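Since the structure comes first, as structure tokens, the remarks are kept for the end.
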Amino acid sequence: MSQQGARPARQEDDWWGELYDGTTQDTGPAQAPDSLDDRFASARNAVTERPRPPEPSPSREPSPPPDPSTSPEPERTGPPLPDHLVAPAALPDYVGSGPPTYEPEPTALPPADPDALDGLVPDTVLDGARYGACTLRAVSQRGDSARYRGEPRRDALLTARFGAGDQALVLVAMATGARAVPGAHLAAAEACRGIARAVGRSHQRLAQDIRAARRGDLRSGLHRLTDRALGGLRASAATDAPVAVLRCLLLPADPDCRIRVFFGVGDGGLFRLRDGAWQDIEPRLTADDTAPDAPPGDGRASLDPGAVPGDGWASLGPGAVPGDGRASLGPGALPGDDRASLDLGALSGDGRTAPNPGTLPRDGRTANPGALPGDGRTAPRPGAPRPGSPDPRPPREPFLFRASVARPGDVLVLCTAGLADPLREAEALRARLARRWSGGTPPGLAAFLADARVRVKGYADDRTAAAVWEA
């Protein structure tokens with residue numbers, strides 16, 4: 001609008017005409033009232049421009065996510081981790097100058113008889129438990145040579161618990177069948193089952209003797225149980241030659257009892273890892289111990305190397321002093337002669353069997369009928385050589401026994417010759433296992449298997465091992 005009489009500008013005339021043009025129709029009320037959100041959106045759109053999404057290129061494909069396996073690992077700072085904290089997969093599976101000749105994994109399966117499938121044995125057996133103050137790990141694995149040739153594992157492993165609670169007794173039995181015996185793997189398995197049956201039937205008395213440290217009774221009784229278990233195998237094989245090597249551990253479940261008992265027959269290894277250092281505590285033998293007529297309890301081992309008398313690590317022989325708990329003497333026994341410690345569990349009260357009529361006190365043989373008392377004449381056994389003639393029979397496998405007291409932090413390792421030989425001769429293997437097993441915490445089953453299978457060039461036999469960590 002303008003003052004009266006003044007001529008309006010052109011722009012004002014246009015605006016006025018558009019507003020009051022008679023041809024422009026009234027739009028009328030809106031379909032819906034404006035909300036506060038509508039008004040805010042209208043004002044926002046008036047002052048800003050909405051960004052337009054980029055158009056995808058038809059020829060460009062989205063890049064795949066990065067592969068974690070190929071991504072560079074972050075550089076670790078600080079000192080390296082100790083071996084017992086490093087995952088076994090991060091360590092090589094062999095020690096020495098180079099890898100062994102054979103492949104590290106199984107190649108060929110043993111042949112199977114459809115009518116004797118019970119004779120099949122798996123490539124690897126793994127077991128473990130924790131009782132009292134000890135943690136057990138055990139493994140038996142086919143050697144690289146047998147894996148390559150498709151032969152069965154000649155080593156056998158058996159772990160069993162007899163009894164319940166603190167009165168329970170844990171048995172670990174391992175055996176190796178002789179190469180010359182047909183079905184050696186079956187003989188090894190039967191040797192383990194035979195000693196397990198014998199120990200299981202006498203486990204209550206054995207557990208009592210272990211807790212009471214009656215080493216004389218233990219040695220004598222376990223010797224007879226071992227002879228019975230292996231005697232049946234020799235009879236079935238119709239040979240006097242050794243049929244299987246048998247090595248066993250007895251572990252009481254009582255947490256207050258730290259006595260560990262080893263017994264068996266044949267080659268292998270018994271080691272103790274203490275304060276990061278290995279000690280070979282296999283019982284030492286003498287020439288007389290391998291004689292065909294070697295009597296039981298004839299002193300096959302003395303103190304451990306470096307052991308202190310009285311510390312409980314002595315394997316006691318005929319020099320045990322009566323009354324010190326290390327020998328249980330039988331009727332008429334002479335002091336220091338633990339051959340008179342007779343079988344377990346025969347007479348109620350003392351657990352010892354009475355001697356047979358006519359038995360001589362020291363040699364355990366029965367006199368001839370009608371022999372004068374004390375004349376020393378004995379009845380010849382079937383097949384025994386005449387006096388002065390050479391004995392054609394093979395040397396008798398000596399019985400091995402050691403009862404020892406464990407200390408917290410110790411690791412006791414029992415193994416067959418497949419692991420004992422490289423452990424004695426390969427310094428790199430001893431150092432590797434010492435670092436892995438000295439951390440104080442027992443490894444899991446998978447880690448223990450990886451440790452026990454560390455290979456050494458030139459050693460390809462079956463391996464069986466049981467390790468006990470003391471809390």
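Keep in mind the model is a prediction, meaning the values are calculated, not measured.
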Checklist entry - What do you reckon, is CG of Asp275 surrounded by more than 12 foreign heavy atoms closer than 6.0 Å? => result no
Next on the checklist: Do Tyr102 and Arg149 pair up side chain to side chain, a donor and an acceptor below 3.5 Å, judged on atom types alone?
Outcome noted: yes
Checklist entry - Is there a side-chain contact between Gln204 and Gln167, using heavy atoms and a 4.5 Å cut-off? => result no
Item to check | Phe401 versus Pro283, closest heavy-atom pair with distance | outcome: O-CG, 3.9 Å
Checklist entry - Relative to the ring of Trp437, is the ring of Phe448 parallel (under 30°), tilted (30 to 60°) or perpendicular (over 60°)? => result parallel
Item to check | Flag, side chain of His185 to backbone of Ala156, donor-acceptor distance under 3.5 Å | outcome: no
Next on the checklist: Looking at every non-hydrogen atom in both residues, tell me the closest pair between Ala406 and Arg260 and how far apart they are.
Outcome noted: CB-CG, 4.3 Å
Checklist entry - Quick check: are there more than 12 heavy atoms from other residues, nucleotides or ligands sitting under 6.0 Å from CG of Asp166? => result yes
Checklist entry - If you measure from CZ on Arg272 to CD on Glu470, what distance do you get to the nearest 0.5 Å? => result 11.0 Å
Checklist entry - Looking only at heavy atoms, what is the nearest atom pair of Leu126 and Ala446, with distance? => result CD2-N, 4.5 Å
Checklist entry - If you take all heavy atoms of Arg137 and Pro443, which pair is closest and at what distance? => result NE-O, 2.7 Å
Item to check | Pairwise side-chain contact, Asp410 with Leu273, heavy-atom cut-off 4.5 Å (strictly under) | outcome: no
Checklist entry - So, for Ala175 and Ala188, which heavy atoms are closest and what is the spacing to 0.1 Å? => result CB-O, 3.5 Å
Item to check | Spacing of OG belonging to Ser404 relative to CZ belonging to Phe262, to within rounding of 0.5 Å | outcome: 10.5 Å
Item to check | Heavy-atom side-chain proximity of Thr226 to Val265 below 4.5 angstrom | outcome: yes
Next on the checklist: Between Arg193 (side chain only) and Leu158 (backbone N and O only), is there a donor and an acceptor less than 3.5 Å apart?
Outcome noted: no
Item to check | Flag side-chain contact, heavy atom, 4.5 Å: Tyr94 against Val454 | outcome: no
Next on the checklist: Looking at Arg205 and Asp217, is any side-chain nitrogen of the basic one under 4.0 Å from a carboxylate oxygen of the acidic one?
Outcome noted: yes
Checklist entry - Passes salt bridge (Lys or Arg N to Asp or Glu O under 4.0 Å), Arg147 versus Asp123? Steps please. => result CA-CA 8 Å; Arg147 285 176 166 181; Asp123 177 89; 2.7 Å; yes
Checklist entry - Under a 4.0 Å N-O cut-off, is there an ion pair linking Asp280 with Arg424? => result yes
Checklist entry - Taking it one step at a time, do Arg161 and Tyr131 satisfy side-chain hydrogen bond (donor to acceptor under 3.5 Å, both in side chains)? => result CA-CA 10 Å; Arg161 172 180 60 88; Tyr131 286 98; 3.0 Å; yes
Next on the checklist: Tell me whether Arg197 at atom CZ has more than 12 heavy atoms from other residues, nucleotides or ligands lying less than 6.0 Å away.
Outcome noted: yes
Checklist entry - Do Leu419 and Tyr459 have side chains that get closer than 4.5 Å, going by heavy atoms? => result no
Checklist entry - Taking side chain as C-beta onward, heavy atoms only, is Glu190 less than 4.5 Å from Ser236? => result no
Checklist entry - Looking at Arg430 and Glu425, does any basic side-chain N land under 4.0 Å from a carboxylate oxygen? => result no
Item to check | Glu427, CD atom: more than 12 neighbouring heavy atoms under 6.0 Å | outcome: yes
Checklist entry - Quick one: do the Thr176 and Asp155 side chains pair a donor with an acceptor below 3.5 Å? => result yes
Item to check | Side chains of Val170 and Thr159 in contact at under 4.5 Å (non-hydrogen atoms) | outcome: no
Checklist entry - Side chains of Ser140 and Arg463: do they bring a donor and an acceptor to under 3.5 Å? => result no
Next on the checklist: Which heavy atom of Gly194 sits nearest to which heavy atom of Ala229, and what is that distance?
Outcome noted: C-CB, 3.9 Å
Checklist entry - Any donor-acceptor pair under 3.5 Å linking the side chain of Asp462 with the backbone of Arg154? => result yes
Next on the checklist: Under 4.0 Å between a side-chain nitrogen and a carboxylate oxygen: does that hold for Glu282 and Arg247?
Outcome noted: yes
Checklist entry - Are Leu249 and Leu171 side-chain neighbours, meaning at least one heavy-atom pair lies under 4.5 Å? => result no
